[in-house]
Amino acid sequence: MAGDKRKVQEINAGSMADIAFLLLIFFLVATTMNTDTGLMRVLPPMPDPNQKQEDIKVKERNLLLVFVSKGNNIMAGGQQMDIRQLKDKAKEFILNPMDDESLPEKEAKEFDLPDGSKWTYPVSLGVISLQTDRGTSYETYIMVQNELTRAFNEVRNEVAMKKFGAKFEDLNEDQRNVLTKAVPLKISEAEPRNVGGKK
């Protein structure tokens, strides 16, 4: 008696490559990637070519120089300080609460509020100039940027609480636009120095 051998049917693997390709495309499309947003900075407009260079210069009292050395030491307004002191120094510079002669001038500007009324606020003419050394660590640079930005954010919050009775982030878009003009983020970055040399 002959053995009844049944032929085992082969699995058709011809479409496996297509399925793997479709799965690959699905995961590429469905996966989200974190993107580095970087630092939000609004660059100033290009200066008028017809304007004389001496007209562009900022008065010394309206400029707070912040320098970060190769050793990550911070100097602000001619004083060496810790990173924790920088925010308060910047806030004092922005607000000039006592109208100190050595701190920035203020210019009273009128703003149109969303409800149709007018608001006059003394806008600081101060600019914070940040300069680093070529050997400054990136971590310290980011920490200094964060502290300076935090100073402006805290000033905006204080002004928002006085004027609108709410924090800056809780205001509507029109109110935030007005406050952004009243307390503009003025951080200028100078070309890095090569005092300490490269690391």
Side-chain angles (χ1 to χ4, degrees), residues 35-48 51 53 55-100 102-109 111 121-161 163 167-169 171 173 175-196:
T35 54
D36 292 333
T37 54
L39 297 169
M40 282 292 292
R41 288 289 176 268
V42 178
L43 297 176
M46 289 292 289
D48 184 1
Q51 190 177 19
Q53 190 63 33
D55 296 343
I56 300 171
K57 289 181 182 172
V58 178
K59 286 185 184 176
E60 190 175 327
R61 73 177 276 192
N62 293 337
L63 193 64
L64 175 66
L65 296 169
V66 178
F67 177 68
V68 187
S69 71
K70 177 185 176 185
N72 298 322
N73 296 317
I74 300 165
M75 197 83 136
Q79 300 172 336
Q80 186 167 353
M81 61 181 55
D82 188 73
I83 188 80
R84 293 180 296 259
Q85 299 169 303
L86 184 60
K87 176 189 60 96
D88 293 330
K89 177 78 172 175
K91 273 181 73 173
E92 181 191 14
F93 176 79
I94 298 161
L95 288 170
N96 188 5
M98 307 303 277
D99 290 324
D100 192 330
S102 61
L103 292 175
E105 301 168 288
K106 298 175 189 173
E107 183 182 336
K109 290 191 179 177
F111 300 101
Y121 182 77
V123 178
S124 174
L125 300 180
V127 176
I128 296 177
S129 177
L130 174 60
Q131 188 169 36
T132 57
D133 186 87
R134 293 199 185 277
T136 303
S137 76
Y138 185 69
E139 292 80 24
T140 305
Y141 167 76
I142 291 296
M143 284 167 59
V144 168
Q145 281 279 7
N146 285 342
E147 287 300 299
L148 295 176
T149 304
R150 198 160 70 117
F152 280 97
N153 289 340
E154 284 189 13
V155 170
R156 284 178 179 170
N157 270 335
E158 289 170 15
V159 175
M161 288 300 290
K163 182 62 189 167
K167 289 185 177 179
F168 179 75
E169 59 267 15
L171 301 177
E173 189 180 347
Q175 291 171 328
R176 280 199 305 268
N177 288 340
V178 169
L179 267 175
T180 304
K181 291 174 188 168
V183 185
L185 183 74
K186 293 183 182 176
I187 301 175
S188 161
E189 289 194 48
E191 184 72 25
R193 291 188 201 171
N194 203 15
V195 176

Report, one line per pair, each donor and acceptor closer than 3.5 Å where one atom sits in a side chain of residues 88-98; sequence neighbours left out.
| from | atom 1 | to | atom 2 | distance (Å) |
| --- | --- | --- | --- | --- |
| K89 | NZ | Q79 | OE1 | 3.4 |
| K91 | NZ | E154 | OE1 | 3.1 |
| K91 | NZ | E158 | OE2 | 2.6 |
| N96 | OD1 | D99 | N | 3.2 |
| N96 | OD1 | D100 | N | 2.7 |
| N96 | ND2 | D100 | O | 3.3 |
| N96 | ND2 | P104 | O | 2.8 |

With a cut-off of 3.5 Å and sequence neighbours excluded, list every side-chain donor-acceptor pair involving residues 178-186.
| from | atom 1 | to | atom 2 | distance (Å) |
| --- | --- | --- | --- | --- |
| T180 | OG1 | R176 | O | 2.7 |
| K186 | NZ | S124 | O | 3.3 |

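Side-chain atoms of V127 and N62, non-hydrogen and from C-beta on, never get closer than 4.5 Å to each other. Contact of the E189 side chain with the T132 side chain is not registered, since no non-hydrogen atoms from C-beta on lie closer than 4.5 Å. The shortest distance between side-chain heavy atoms of D133 and V68 does not fall below 4.5 Å.
In terms of the ring pair (Phe, Tyr, Trp, His ring centres under 6.0 Å) criterion, F152 has no residue partners (sequence neighbours excluded). Every residue two or more places apart in sequence or in another chain was checked for a salt bridge (charged side-chain N to carboxylate O under 4.0 Å, His left out) with R61, and none qualifies. Every residue two or more places apart in sequence or in another chain that forms a side chain to side chain contact (heavy atoms under 4.5 Å, CB included) with E139 is listed here: S137.
Listed here is the closest heavy atom pair of M81 and A76: SD-CB, 3.8 Å. When every heavy atom of K167 is checked against every heavy atom of M161, the shortest pair comes out as N-SD, 3.5 Å. Residues L130 and Q145 share a closest heavy-atom pair of CD2-NE2, 3.6 Å.
Judged as a salt bridge (charged side-chain N to carboxylate O under 4.0 Å, His left out), the pairs with a partner in residues 72-85 (not counting sequence neighbours) are, in order, D82-R84.
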**Message:** Q131 vs L65, test: side chain to side chain contact (heavy atoms under 4.5 Å, CB included). Steps then yes/no.
**Reply:** CA-CA 8 Å; Q131 188 169 36; L65 296 169; over 6 Å; no

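Between the CG atom in L148 and the CD1 atom in I128 there is a gap of 5.0 Å [rounded to 0.5 Å]. Residue I83 holds its CD1 atom at 5.0 Å from CD of E147, rounded to the nearest 0.5 Å. The CE atom of M143 sits 10.5 Å away from atom CZ of R150, with the distance rounded to the nearest 0.5 Å.
T136 contributes a side-chain N or O that, together with a main-chain N or O of S69, makes up a donor-acceptor pair within less than 3.5 Å.
The neighbour count for E173 CD, taken as heavy atoms of other residues, nucleotides or ligands under 6.0 Å away, does not exceed 12.
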